[in-house]
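First the structure, in the form of structure tokens, and then the observations on it.
These numbers come from the heavy atoms of this one structure, side chains and all, not from hydrogens, waters or symmetry mates.
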Amino acid sequence: MDMNKLKHKTLDELANTEAALRANIELLKALDAHPHHSGCYDLHNQITTFMSIVVDLQGVIARSKLIVPNV
């Protein structure tokens, strides 16, 4: 198999992983915001950091896809 195709396949898998990670962070955000528990908003800062990392990951995946030749 062509190396560039393998790179694109791997980048696509990373993009899928990033999407799943983003969905889980959104779920965690909703759980953390539930007002009827003792830990309400205790993860707010950590969720903000998670989201920042996901945005960075989205960017590096998109840039990588542009760098690898599309065969």
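Hydrophobic side-chain contacts under 4.5 Å tie Met51 into a cluster, directly or through other members, with Leu21, Ile25, Leu28, Leu43, Ile47, Phe50, Val54.
Interatomic distance, Leu31 CG to Leu27 CG, rounded to the nearest 0.5 Å: 4.5 Å. One distance of note links CG of Asn70 with NZ of Lys5; it measures 10.0 Å at 0.5 Å rounding. Atom OG1 of Thr17 and atom CG of Asp12 lie 10.5 Å apart (nearest 0.5 Å). Within the model, atoms NE2 of His44 and CD of Gln46 stand 10.5 Å from one another, a figure rounded to the nearest 0.5 Å.
Between Leu66 and Arg63 there is no side-chain heavy-atom pair separated by less than 4.5 Å.
The shortest non-hydrogen separation linking Ser64 to Leu11 is CB-CD2, 3.7 Å. Nearest heavy-atom pair across Pro35 and Cys40 is CA-SG, 3.9 Å.
Checked against side chain to side chain donor-acceptor pair (under 3.5 Å), Lys9 has the following partners two or more places apart in sequence or in another chain: Glu13.
Val68 and Val60 fall within the same hydrophobic cluster, where Ile, Leu, Val, Met, Phe, Trp and Tyr residues are linked whenever their side-chain heavy atoms come under 4.5 Å apart, directly or through other members.
Applying the side chain to side chain donor-acceptor pair (under 3.5 Å) test to pairs two or more places apart or on separate chains, those with a residue in residues 19-38 are Glu18-Arg22.
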